[in-house]
Chemist: 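Dumping the structure here so I can ask a few things about it.
Just so it is clear: chains get the letters A, B, ... in the order the sequence lines come, proteins before strands, and each one is counted from 1.
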Number of protein chains: 2
Amino acid sequence: MVVLALNFRDGPTSIREIAQREKISPQYLEQIFLDLRKAELVSSVRGARGGYKLARSPSEIKIGDVVRALEGPIAPMECVAEGSEASCCERTQECLTRGVWEKLRDRMNEVLDDITLEDMISSRNINN
Amino acid sequence: MVVLALNFRDGPTSIREIAQREKISPQYLEQIFLDLRKAELVSSVRGARGGYKLARSPSEIKIGDVVRALEGPIAPMECVAEGSEASCCERTQECLTRGVWEKLRDRMNEVLDDITLEDMISSRNINN
DNA sequence: TTTATATCAGAGTAAATTACTCAGATATTT
DNA sequence: AAATATCTGAGTAATTTACTCTGATATAAA
């Protein structure tokens with residue numbers, strides 16, 4: 001996604017290109033981009049000279065969006081993951097540790113939603 | 001650890017007792033307490049009427065201490081875990097995402113080091 | 001129209017991790 | 001001596017992770 005952000009003004013970038021640059025297998029990248037497309041973070045152009053591009057500008061894409069698209073809800077424990085609260089343990093009420101995990105979950109989301117792709121490619125914001 | 005904090009003024013609490021109360025197998029609990037003892041968060045009393053007790057008062061034990069003792073360094077990615085930085089990928093310098101993971105790691109540790117066992121057992125601090 | 005270049009999609013897999021169990025030794029109280 | 005605990009290392013089934021493989025489909029360029 002950082003590579004796509006760097007190429008944002010140009011046409012679509014192919015998986016092959018990104019794979020070479022980042023030393024990831026094209027096949028694996030392909031799978032990853034499928035998830036990113038389903039989450040509508042990138043759009044695809046099929047056929048020769050095709051590839052992927054960001055669905056919106058780097059400043060409008062939060063790292064949290066990317067992580068959630070690829071790994072599901074951001075949470076330190078399954079039982080406090082938004083959307084899958086039901087399937088955990090049945091002791092929600094009496095659980096003394098739940099509050100801790102909820103606070104941690106919220107802070108994690110805050111951090112990742114506070115950084116955009118734009119922040120990542122403007123080196124000024126990387127080193128702090 | 002919360003149970004031990006609740007029993008802090010009394011004598012040692014046996015694994016059997018905690019296992020029943022929290023519905024965890026005694027054998028598994030045993031293994032967990034071994035790690036906690038190695039980290040010097042609890043002390044043990046062997047023999048009949050023995051058990052475990054907190055090594056210091058609940059207000060002096062941070063949740064971060066407990067988590068690190070049981071699960072190792074708190075980090076969102078292996079490559080930013082303190083102590084195991086060497087064994088990750090060889091692209092540390094060029095890695096554009098590393099800064100994000102480091103920031104997330106620091107915030108996670110901050111959250112967990114800001115809550116003590118004392119906070120957890122005084123219900124006033126649980127619900128916020 | 002053909003050919004090359006891409007994405008699209010689902011299935012499969014080896015290795016590592018997780019969440020435990022088991023067996024037996026050692027220490028202490030009653 | 002007997003009962004009650006912790007101590008220790010080894011073992012294991014299920015899940016997850018980080019991929020690969022195969023083949024279909026869409027599009028641009030020759």
Chemist: More than 12 non-hydrogen atoms from neighbouring residues, nucleotides or ligands closer than 6.0 Å to CD on A/Glu40, yes or no?
Modeler: no

Chemist: Applying side-chain contact (heavy atoms from CB on, under 4.5 Å), run through A/Glu22 and A/Val3 and close with a yes or a no.
Modeler: CA-CA 9 Å; A/Glu22 296 297 316; A/Val3 174; 3.9 Å; yes

Chemist: Is it the case that C/dT17 (base atoms only) and B/Glu71 (side chain only) share a donor and an acceptor within less than 3.5 Å, ignoring hydrogens and angles?
Modeler: no

Chemist: Without decimals, in angstroms, what is the distance between B/Glu30 CD and C/dA19 C1'?
Modeler: 15 Å

Chemist: Please write out each protein N/O paired with an N/O of nucleotides 28-30 of chain C under 3.5 Å, distance rounded to 0.1 Å.
Modeler:
| residue | atom | partner | partner atom | Å |
| --- | --- | --- | --- | --- |
| C/dT28 | O2 | B/Ala48 | N | 3.4 |

Chemist: Separation of B/Leu29 atom CG from C/dC22 atom P, in whole Å?
Modeler: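 So the CG-P distance, B/Leu29 to C/dC22, works out to 15 Å.
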
Chemist: In whole angstroms, how far is the P atom of C/dC8 from the CG atom of A/Leu36?
Modeler: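 Those two atoms, CG and P, are 11 Å apart.
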
Chemist: Could you check A/Arg68 against A/Asp113 for salt bridge (Lys or Arg N to Asp or Glu O under 4.0 Å), going step by step and ending with a plain yes or no?
Modeler: CA-CA 10 Å; A/Arg68 280 184 295 267; A/Asp113 285 338; 2.8 Å; yes

Chemist: Below 4.0 angstrom from OP1 or OP2 of C/dT21, is there any side-chain N or O of B/Ser25?
Modeler: yes

Chemist: Across the strands shown, which category fits A/Tyr52 at heavy-atom distances under 4.0 angstrom: base, sugar-phosphate, nothing?
Modeler: sugar-phosphate

Chemist: What's the CG-P distance between B/Leu34 and C/dT21, to the nearest Å?
Modeler: 16 Å

Chemist: Is there a donor-acceptor pair closer than 3.5 Å between any side-chain N or O of B/Asn109 and the backbone N or O of B/Ile74?
Modeler: yes

Chemist: For the pair made of CD in A/Gln31 and P in C/dT7, what is the distance, rounded to whole Å?
Modeler: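 Rounding to the nearest Å, CD of A/Gln31 and P of C/dT7 are 14 Å apart.
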
Chemist: Which donor-acceptor pairs under 3.5 Å do the side chains of residues 41-51 of chain B make with protein atoms, sequence neighbours left out?
Modeler:
none

Chemist: Round to the nearest Å and state the distance from B/Leu70 atom CG to C/dC20 atom P.
Modeler: 13 Å

Chemist: Evaluate the criterion salt bridge (Lys or Arg N to Asp or Glu O under 4.0 Å) for residue pair A/Asp65 and A/Arg56; output intermediate values, then yes/no.
Modeler: CA-CA 12 Å; A/Asp65 296 333; A/Arg56 38 188 205 273; 3.6 Å; yes

Chemist: Contact boundaries of DNA chain D with chain A (under 4.0 Å, heavy atoms), 5' to 3'?
Modeler: D/dA18 to D/dA28

Chemist: Where the side chain of B/Arg105 meets the backbone of B/Met77, is there a donor-acceptor pair that is under 3.5 Å apart?
Modeler: no

Chemist: Just how far, in rounded Å, is C1' of C/dG12 from OH of A/Tyr28?
Modeler: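 Going from A/Tyr28 (OH) to C/dG12 (C1'), I get 15 Å.
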
Chemist: Which comes earlier along DNA chain C counting from the 5' end, the contact point of B/Ile24 or that of A/Gly51, where each point is its nearest nucleotide?
Modeler: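 Taking each residue's closest nucleotide, the earlier one in sequence belongs to A/Gly51.
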
Chemist: Any carboxylate oxygen within less than 4.0 angstrom of a Lys/Arg side-chain nitrogen, looking at A/Lys62 and A/Asp119?
Modeler: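 No salt bridge links A/Lys62 with A/Asp119.
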
